[in-house]
Amino acid sequence: MAHWLDGVIKEKRQWTERLFSLRIAAPLPGFTAGQFVRIALDIDGEQVDRPYSLVNAPHEPLLEVYFDIVPGGPLTPRLARLEPGDPIKVIDKAAGLLTINEIPDVDHLWMLATGTGIGPFLSALKTDEPWQRFKKIVLGYSVRQTRELSYMDTIAALQAARQDRMVFVPFVTRETPAGAIHARITSAIESGLLEARAGIALGQDSSHVMLCGNSAMITEVSDLLAARGMRRHRRREPGHITTEKYH
Ligand SMILES: Cc1cc2nc3c(=O)[nH]c(=O)nc-3n(C[C@H](O)[C@H](O)[C@H](O)COP(=O)(O)OP(=O)(O)OC[C@H]3O[C@@H](n4cnc5c(N)ncnc54)[C@H](O)[C@@H]3O)c2cc1C
């Protein structure tokens, strides 16, 4: 049975008025990069908990979560008010299958995220495993406005370390900054723009696609990929698409 661990906030980073990261000290026994934990606060005498992906790699000492305030949501407005030194509860067992060890052997790994869905991909990319297994990794990160592209420092460090093995493709849907695709992930797949930017083909022979974030993107991209003969990956029935829906 899972138990709640006593954690404490060590660091807080505010990216925009709605986007935050918290670094937490808690004695989590271990996890696989890409997994999530449940975190909880006591609110008006009741414990409220939600799942959050870990952004840190397993070898990094502090747990890190990245979230946005959902107006009217029970937990996120409270999470955003936490400061270093405040207590927080963390469940003692991480879960989830958005992990590299679940991905079949292929040449190219595509990690496509909307918003805070970038978190589990950064955790995995900070480990050696994906770089030992795939020839090229494409990280697609879709936001509405440029300033919502959090963790650009981490992404730049990953790119510097991996050079031409990693292609980073930012998508900014409501602005037109240089270097970003001004379209949704779905449109960029349909038009061939994503493959042109990545310099490789997105197809069932060579690719596995990991999708994380909002469910509309995940459903629409999965449908588009189905037209290319790509299907949901299951342990018993290997496929080409692995997903985690946040909402
Ligand atoms: C496996 C898993 C991992 C998750 N990891 C993360 C994570 O790393 N970071 C993160 O920010 N969220 C993550 N979520 C969502 C998170 O658990 C909460 O639902 C979210 O933070 C809102 O919490 P809340 O209590 O304020 O509102 P909730 O009561 O959870 O949600 C209120 C309503 O808002 C919707 N909603 C939830 N999240 C969003 C959002 N981001 N934007 C718009 N609507 C939303 C819900 O579907 C619901 O209808 C994850 C969810 C799952 C299932």
Side-chain angles (χ1 to χ4, degrees), residues 2 4 7 9 11-24 26 28 31-58 60 62-82 86 88-100 102 111-126 139 141-145 147-151 154-155 171 173-174 184-185 210-220 222 232-233 241-247:
W4 290 97
I9 306 296
E11 290 171 39
K12 176 180 188 177
R13 190 164 178 183
Q14 179 164 4
W15 304 94
T16 69
E17 68 283 358
R18 280 186 60 182
L19 287 166
F20 297 82
S21 297
L22 294 173
R23 286 199 170 131
I24 302 165
L28 186 71
F31 73 99
T32 304
Q35 287 193 308
F36 62 87
V37 288
R38 298 192 76 86
I39 63 177
L41 291 176
D42 287 322
I43 300 176
D44 303 329
E46 240 185 75
Q47 182 166 302
V48 178
D49 69 88
R50 295 283 184 272
Y52 291 92
S53 299
L54 291 169
V55 185
N56 60 298
E60 295 177 314
L62 295 178
L63 305 180
E64 181 164 343
V65 293
Y66 173 49
F67 64 95
D68 54 350
I69 296 179
V70 175
L75 191 60
T76 46
R78 301 290 187 125
L79 282 180
R81 273 187 250 153
L82 294 175
D86 286 340
I88 188 164
K89 288 199 165 18
V90 180
I91 209 144
D92 67 350
K93 203 170 169 351
L97 299 175
L98 195 75
T99 56
I100 297 298
E102 294 289 334
M111 296 172 144
L112 306 179
T114 55
T116 54
I118 194 73
F121 295 149
L122 297 182
S123 174
L125 291 174
K126 286 194 253 176
L139 178 66
Y141 183 7
S142 179
V143 296
R144 290 175 187 169
Q145 296 176 311
R147 62 200 195 90
E148 295 167 339
L149 285 170
S150 309
Y151 289 104
T154 305
I155 292 168
F171 295 78
T173 56
R174 295 195 183 166
R184 284 148 42 103
I185 293 174
M210 301 176 89
L211 302 171
C212 187
N214 83 59
S215 40
M217 179 280 282
I218 291 173
T219 304
E220 287 165 26
S222 300
R232 185 78 184 265
H233 174 71
I241 307 168
T242 302
T243 66
E244 188 155 272
K245 292 183 176 176
Y246 280 2
H247 59 93

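The analysis underlying the following values was restricted to heavy atoms, covering all of them including side chains, and did not include hydrogens, waters or symmetry mates. Start at 1 and go down the list; that is how both ligands and their atoms are numbered. A quick note: this is a predicted structure, and the numbers were derived from the prediction, not measured.
Considering Trp15, Phe67, Tyr66 as possible partners of Phe20, the one that fulfils the ring-ring contact (aromatic ring centres under 6.0 Å, His included) test is Phe67. Ile218 pairs with exactly one of Ile241, Thr114, Ile185, Thr243 by the side-chain contact (heavy atoms from CB on, under 4.5 Å) rule, that one being Thr243. Under the side-chain contact (heavy atoms from CB on, under 4.5 Å) rule, Arg38 has a single partner from Val90, Asp92, Ile91, which is Ile91.
Among protein heavy atoms, atom 33 (C) of ligand 1 sits closest to Val70 CG1, 4.3 Å. Remark: minimum distance from atom 18 (C) of ligand 1 to any protein heavy atom is reached at Tyr52 OH, 3.7 Å. For atom 52 (C) of ligand 1, the closest non-hydrogen atom on the protein side is Pro51 CG, 3.5 Å. For atom 35 (C) of ligand 1, the nearest protein heavy atom (residue, atom name, distance) is His247 CB, 4.0 Å. Closest to atom 51 (C) of ligand 1 among all protein heavy atoms lies Tyr246 O, 3.5 Å. Considering only non-hydrogen protein atoms, atom 9 (N) of ligand 1 sits nearest to Tyr66 O, 2.8 Å. Counting protein heavy atoms only, atom 8 (O) of ligand 1 is closest to Ser53 N, 3.0 Å.
An N or O contact shorter than 3.5 Å is missing between Pro77 and ligand 1 by distance. Remark: ligand 1 and Arg50 share an N or O pair separated by less than 3.5 Å (distance only, no angle test).
For the residue pair Thr116/Tyr246, the side-chain donor-acceptor check at 3.5 Å is not satisfied.
Ligand 1 has no atom lying under 4.0 Å from any heavy atom of Gly96. Residue contacts with ligand 1 include Asp68, since one or more of its heavy atoms lies under 4.0 Å from the ligand.
Asp68 CG to Thr16 OG1: the interatomic distance, rounded to the nearest 0.5 Å, is 8.0 Å. With rounding to the nearest 0.5 angstrom, the OG atom of Ser150 is 5.0 Å from the CG atom of Leu19.
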Next item on the list: Carefully, step by step, assess Cys212 and Lys245 under the rule side-chain contact (heavy atoms from CB on, under 4.5 Å).
Entry: CA-CA 6 Å; Cys212 187; Lys245 292 183 176 176; over 6 Å; no
Notebook entry, point to check: Could you walk me through whether Leu41 and Val48 pass the side-chain contact (heavy atoms from CB on, under 4.5 Å) check?
Noted result: CA-CA 6 Å; Leu41 291 176; Val48 178; 5.8 Å; no
Next item on the list: Show the numbers, then the answer: is there a side-chain contact (heavy atoms from CB on, under 4.5 Å) between Gln47 and Asp42?
Entry: CA-CA 4 Å; Gln47 182 166 302; Asp42 287 322; 3.7 Å; yes
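Contacts of Phe36 with ligand 1, taken as heavy-atom pairs under 4.0 Å, involve the side chain alone.
Using a 4.0 Å cut-off to heavy atoms of Lys245, the atoms of ligand 1 that qualify are 52 (C), 53 (C). Per-residue contacts place Gly73 under 4.0 angstrom from the following atoms of ligand 1 (heavy atoms of the residue considered): 24 (P), 26 (O), 27 (O).
A salt bridge does not link Glu148 to Arg18: none of the charged nitrogens lies less than 4.0 Å from a carboxylate oxygen. With respect to the salt-bridge test (charged N to carboxylate O, under 4.0 angstrom), the residues Glu60 and Arg23 do not qualify.
Per-atom contact check: atom 48 (C) of ligand 1 does not touch the protein, criterion being a heavy-atom distance below 4.0 Å. Within the 4.0 Å cut-off (strictly below), no protein heavy atom is located near atom 31 (O) of ligand 1.
For atom 10 (C) of ligand 1, the choice among Asn214, Thr76, Thr116 with the nearest heavy atom turns out to be Thr116.
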